[in-house]
Q: 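Structure provided below as structure tokens; questions to follow.
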Amino acid sequence: MSLDEYKKKRNFNNTPEPKAESNDEDLNRFVIQRHQATRLHYDLRLEIGGTLKSWAIPKGPSMNPRDKRLAVHTEDHPIKYLKFEGEIPKGNYGAGQMDIWDEGEFSSPLENKNLLQQYQNGDLKLQFSGKKIKGNFALVNTKQGKENHWLLIKKKDEFSTDLIYDAEVYAEVYSENISEENKKIRPPKVRKLKPEDTVKPMLATTAKEIFNHPDWIYELKWDGYRLIAHVDHGEVRIYSRNGINYNSKFPLLVKDLEQIDQQAIVDGEVVIVDKNGLPDFQALQNYDKNTPGTLRFYVFDMLFLNGHSMLELPLIDRKSLIPEVLEDLDYTFYCDHIEGMGTAFYKKAIDSGMEGVIAKKSDTTYAPGYRTENWLKIKAVESEEAIICGYTNSKGAVFGSLILGMFKDGQLTYVGNCGSGFSNEKQKELLAKMKDLSAEKSPFSKKINLKGRTPNWIIPELICEVKFSEWTKSGAMRHPVFKGLREDKTTTEVKPEAKIETPERSEKSASNSGNLDIGGISVPFTNLDKIYWPKDKISKYDLIEYYLQVSEIMLPYLKDRPQNLHRHPNGIQQKGFYQKDNESLPDWVATTSIYSESSEKNIEYLLCQNEATLLYMANLGCIEINPWHSKIGNLDAPDYGVIDLDPSDKNTFEEVIEVAQAVKEVLDLANIDGFCKTSGSRGLHIYIPFGGQYSYQEGRDFIKLLCYFVQDKLPELTSMERVVKARKGNIYLDYLQNRRGQTIAAPYSVRPRKGATVSIPLEWDEVKSGLKITDFNIFNVPQRISEIGDLFKELGSKAINMENALERLNAE
């Protein structure tokens with residue numbers, strides 16, 4: 001067979017590869033070479049017809065019959081290539097390191113057909129006798145429009161395996177002294193790990209959107225370098241996903257892990273976090289002892305512990321063993337998770353400044369080196385790795401923009417220019433690196449349009465990460481912004497990430513329990529699937545998710561205020577109960593002791609000081625949140641007074657609106673800024689800002705006077721009578737809500753009513769005919785807040801002058 005194509009592609013003065021010499025003798029030898037070229041692949045070469053018939057196998061061969069490995073037929077190679085190993089210099093065809101991965105002899109089980117005839121028919125039946133590759137295989141031409149595309153398929157025999165098989169990570173190796181009987185023993189279902197093994201991390205697939213599912217857990221997505229750490233009673237080795245040793249780069253982390261007096265392999269992400277706890281990727285890239293920020297290694301998986309491989313254990317079991325191993329370390333932290341509650345956790349992560357979350361199926365075993373759909377990454381902002389292929393000139397800057405590329409269908413393809421995201425200092429640093437890699441020709445096979453900009457080409461070795469708004473129709477990134485260089489990945493990995501559909505969404509389902517890290521506090525949740533609103537099929541999980549979404553805007557109305565817990569642990573159809581005194585609370589929940597004259601003892605009131613406590617209350621069944629009108633430190637002086645418009649069964653909500661409009665008229669006459677919200681039940685609440693300047697008695701008397709003015713306007717519709725029968729079916733102007741210790745549903749509080757309605761702040765021009773209490777519920781209020789913000793935000797900064805207000809009213 002001809003070696004002409006082999007000769008055309010090579011200059012033998014510049015490459016150590018053997019010259020093109022054929023051999024008429026066939027000894028049925030084979031070699032498989034690991035070829036770290038532009039893209040890592042494995043080259044299978046079979047001695048047939050005087051040359052080596054050659055195929056490039058991107059994923060390498062497999063001993064698992066379920067795997068059908070693509071094998072791309074390439075040019076014939078000379079027989080001497082059977083023993084070739086070494087570095088093919090840059091600038092030559094196939095540049096990169098080549099090593100022999102396996103070698104030996106092969107034959108055909110078909111006696112009536114010789115190998116050359118099978119090859120010409122595109123259907124080779126092979127028996128390999130290598131050290132790693134053994135037994136029966138088929139090598140078949142697919143003939144589906146691409147004549148060079150073949151498939152290498154392992155046949156079931158005594159050598160085949162059910163293992164997830166990765167030639168790059170952990171091929172099954174059969175030593176010469178294994179007996180024939182032992183060779184027939186089926187291997188375990190999951191690969192067993194050894195403490196000295198170098199492990200490629202299991203990788204996540206990108207998903208289109210976040211989802212809730214009871215069988216999945218959710219972790220924060222840290223923007224850093226993926227690291228595998230081996231710890232053996234004080235001996236530590238840490239390395240990146242492509243095997244680069246990072247012991248010298250992160251000595252503080254190594255010293256930290258040396259404190260672990262156990263044998264373990266853990267998987268995690270190393271980051272630099274700023275003062276707000278957010279990762280700074282550029283700081284990590286240039287990390288040294290003077291780098292501002294804090295080094296942290298977040299561990300989210302454990303693969304080996306004290307002589308035991310853990311790859312076969314479910315993820316949730318592997319994670320359960322991590323905290324004890326990492327106890328009392330300074331830079332290494334357990335990466336906690338939440339079960340089932342993906343949507344709420346994702347919003348929490350994005351709102352705090354993180355780039356997204358990782359969703360993982362809780363029963364997943366660990367498959368080193370594989371990108372799996374059992375692990376999903378969901379990001380708020382598009383971001384990808386790209387290869388720097390050159391840069392453009394600029395008159396006013398160090399350079400104009402980076403010329404970026406990715407591999408698409410095996411070809412380096414232009415994906416746009418990036419001209420923002422780096423400082424002048426970063427540009428100078430980049431330019432120095434790029435000049436060292438300068439090249440005369442474009443690395444792209446096709447001519448690209450740079451719109452008149454002058455390119456400076458480089459050898460495509462530098463990888464950067466960029467964020468961008470979207471992909472254009474032409475396949476370019478729109479508005480890419482430079483984040484930093486990546487040293488932990490290889491160019492062969494740089495290709496557009498395909499996004500998959502999320503698992504079947506389960507909007508109302510969540511796991512039965514879980515823990516969510518809130519501000520460093522692990523908040524426990526139980527019975528999340530319990531239905532609180534049976535007719536609406538709304539669960540406890542939905543309630544907690546709502547409070548998680550609105551906590552930031554709601555907390556100012558709760559902090560430092562004693563809470564009267566109104567609990568419905570069995571849902572709204574079961575009778576709830578009030579709880580003021582709290583004894584058995586987690587140590588992170590704040591309380592205040594207040595003497596009760598009626599009980600003649602001190603009551604330990606809960607204080608909702610943070611998001612963790614709010615969610616803890618929701619987990620207790622506190623559907624509605626009821627704070628005092630005053631704060632600790634000034635308990636006898638309320639910050640506001642409330643007019644509670646409480647309709648009877650005979651009143652319509654249209655009549656309640658009419659009364660509220662009358663209240664607004666009275667407030668306008670008194671030059672008072674009133675704040676109106678729905679009660680979430682049947683009425684409306686109008687808040688009057690006191691600013692902590694008056695006593696409860698003074699506030700209650702003032703609100704009572706205002707109510708008299710309202711009643712004068714609508715005597716046939718309103719009542720000031722405390723006894724229900726005496727109200728005669730009129731709307732009660734309840735001023736008694738302003739006593740010390742009295743509570744009312746807080747702004748944004750859910751109510752135990754049909755439809756999970758919310759007590760929502762209103763614009764006064766919304767208080768008109770057509771308004772409905774049921775317009776606002778836990779599913780649409782978060783969106784309303786994002787659109788119009790907090791309508792009560794000025795309540796705490798205002799304070800009326802009662803005397804002036806009464807003078808204005810009396811003057812009328």
Side-chain angles (χ1 to χ4, degrees), residues 1-3 18 21-35 42-57 59-85 99-143 148-161 165 167 171-187:
M1 300 297 288
S2 174
L3 293 172
E21 298 176 354
S22 59
N23 190 331
D24 293 334
E25 185 179 19
D26 279 337
L27 299 178
N28 288 7
R29 292 170 292 182
F30 81 91
V31 67
I32 300 174
Q33 287 151 324
R34 181 185 184 275
H35 192 177
Y42 290 75
D43 292 315
L44 168 64
R45 310 193 197 281
L46 304 177
E47 187 179 15
I48 299 176
T51 62
L52 297 180
K53 306 302 178 188
S54 298
W55 291 263
I57 307 173
K59 290 188 176 182
S62 173
M63 293 291 286
N64 191 326
R66 291 177 298 178
D67 296 332
K68 295 177 174 61
R69 298 296 204 216
L70 173 66
V72 180
H73 198 355
T74 62
E75 74 276 11
D76 288 357
H77 283 54
I79 298 298
K80 288 185 177 181
Y81 223 97
L82 284 166
K83 298 299 179 182
F84 176 69
E85 289 186 297
D99 300 292
I100 293 177
W101 183 81
D102 197 14
E103 60 185 339
E105 297 179 355
F106 72 99
S107 60
S108 174
L110 302 179
E111 296 180 359
N112 59 339
K113 288 187 179 180
N114 64 38
L115 287 165
L116 184 58
Q117 183 181 351
Q118 292 181 51
Y119 166 75
Q120 292 169 342
N121 293 337
D123 188 1
L124 279 160
K125 299 294 187 290
L126 305 168
Q127 284 183 335
F128 286 103
S129 300
K131 295 179 180 178
K132 299 177 182 177
I133 298 301
K134 292 176 176 285
N136 294 318
F137 283 78
L139 185 58
V140 184
N141 190 342
T142 62
K143 297 180 181 179
N148 64 338
H149 278 199
W150 296 52
L151 293 176
L152 179 65
I153 306 167
K154 179 74 182 83
K155 297 296 185 180
K156 286 188 176 182
D157 56 22
E158 67 267 31
F159 303 108
S160 61
T161 177
Y165 194 97
E172 286 287 278
V173 178
Y174 295 87
S175 63
E176 294 299 324
N177 59 0
I178 294 179
S179 68
E180 289 300 317
E181 186 63 26
N182 286 338
K183 287 180 182 179
K184 296 178 181 180
I185 298 175
R186 300 292 290 175

Q: Can you classify the ring geometry of F128 versus F106 as parallel (below 30°), tilted (30 to 60°) or perpendicular (above 60°)?
A: tilted

Q: Using atom types as modelled and distance alone, determine if a side-chain donor or acceptor of K53 lies under 3.5 Å from a backbone N or O of R45.
A: no

Q: Determine whether a donor-acceptor pair (N or O, by modelled atom type, separation under 3.5 Å) exists between the side chain of N121 and the backbone of D123.
A: no

Q: Classify the angle between the aromatic ring planes of Y81 and F84 as parallel (below 30°), tilted (30 to 60°) or perpendicular (above 60°).
A: tilted

Q: How about T74 and D43: do any of their side-chain heavy atoms sit closer than 4.5 Å?
A: no

Q: Quick check: closest heavy atoms across S108 and L115, and the distance to 0.1 Å?
A: CB-CD2, 3.7 Å

Q: So which heavy atom on S62 is nearest to which on F137, and how close?
A: O-CE2, 3.5 Å

Q: Which pair of non-hydrogen atoms, one from P61 and one from W101, has the smallest distance, and what is that distance?
A: CG-CZ3, 3.7 Å

Q: Calculate, to the nearest 0.5 Å, the distance between atoms CG and CG belonging to L82 and L27 respectively.
A: 9.0 Å

Q: Test E103 against every option in K131, K83, R29 by the side chain to side chain donor-acceptor pair (under 3.5 Å) rule and name the one that passes.
A: K83

Q: Take atom CD of E105 as the centre, draw a 6.0 Å sphere, and report whether it contains more than 12 heavy atoms from other residues, nucleotides or ligands.
A: no

Q: Which atom pair, heavy atoms only, marks the closest approach of E85 to I100?
A: OE2-N, 2.8 Å

Q: Hey, could you give me the CG/CG distance between L124 and L126, rounded to the nearest 0.5 Å?
A: 5.0 Å

Q: Taking the side chain as everything from C-beta on, heavy atoms only, tell me whether H149 gets closer than 4.5 Å to N141.
A: no

Q: I'd like to know if the side chain of R69 and the backbone of L152 have a donor-acceptor N/O pair within less than 3.5 Å.
A: no

Q: When you compare the side chain of I133 with that of L44, does any pair of heavy atoms fall below 4.5 Å?
A: no

Q: Between atom CG of L116 and atom CG of L46, what is the distance when rounded to the nearest 0.5 Å?
A: 12.0 Å

Q: Main chain of G130, side chain of D102: is a donor-acceptor contact present, judged purely on distance under 3.5 Å?
A: no

Q: Can you tell me how far apart CG (L151) and NZ (K68) are? Round to the nearest 0.5 Å.
A: 8.0 Å

Q: I need the minimum non-hydrogen distance between E21 and K80, along with the two atoms involved.
A: OE1-NZ, 3.5 Å

Q: Donor-acceptor pair, D157 side chain versus F159 backbone, under 3.5 Å?
A: yes

Q: Between K155 and S160, what is the shortest heavy-atom contact and its length?
A: O-CB, 3.7 Å

Q: CH2/W150 to CG/L139 distance, rounded to the nearest 0.5 angstrom?
A: 5.5 Å

Q: Ignoring hydrogens and geometry beyond distance, is a side-chain donor-acceptor pair present between N136 and Q127 at under 3.5 Å?
A: yes

Q: Do I57 and I32 make a side-chain contact, defined as non-hydrogen atoms from C-beta onward lying under 4.5 Å apart?
A: no

Q: If the plane angle is over 60° it's perpendicular, under 30° parallel, otherwise tilted; pick one for W55 and H73.
A: parallel

Q: Enter the distance from I48:CD1 to F30:CZ here, rounded to the nearest 0.5 Å.
A: 12.5 Å

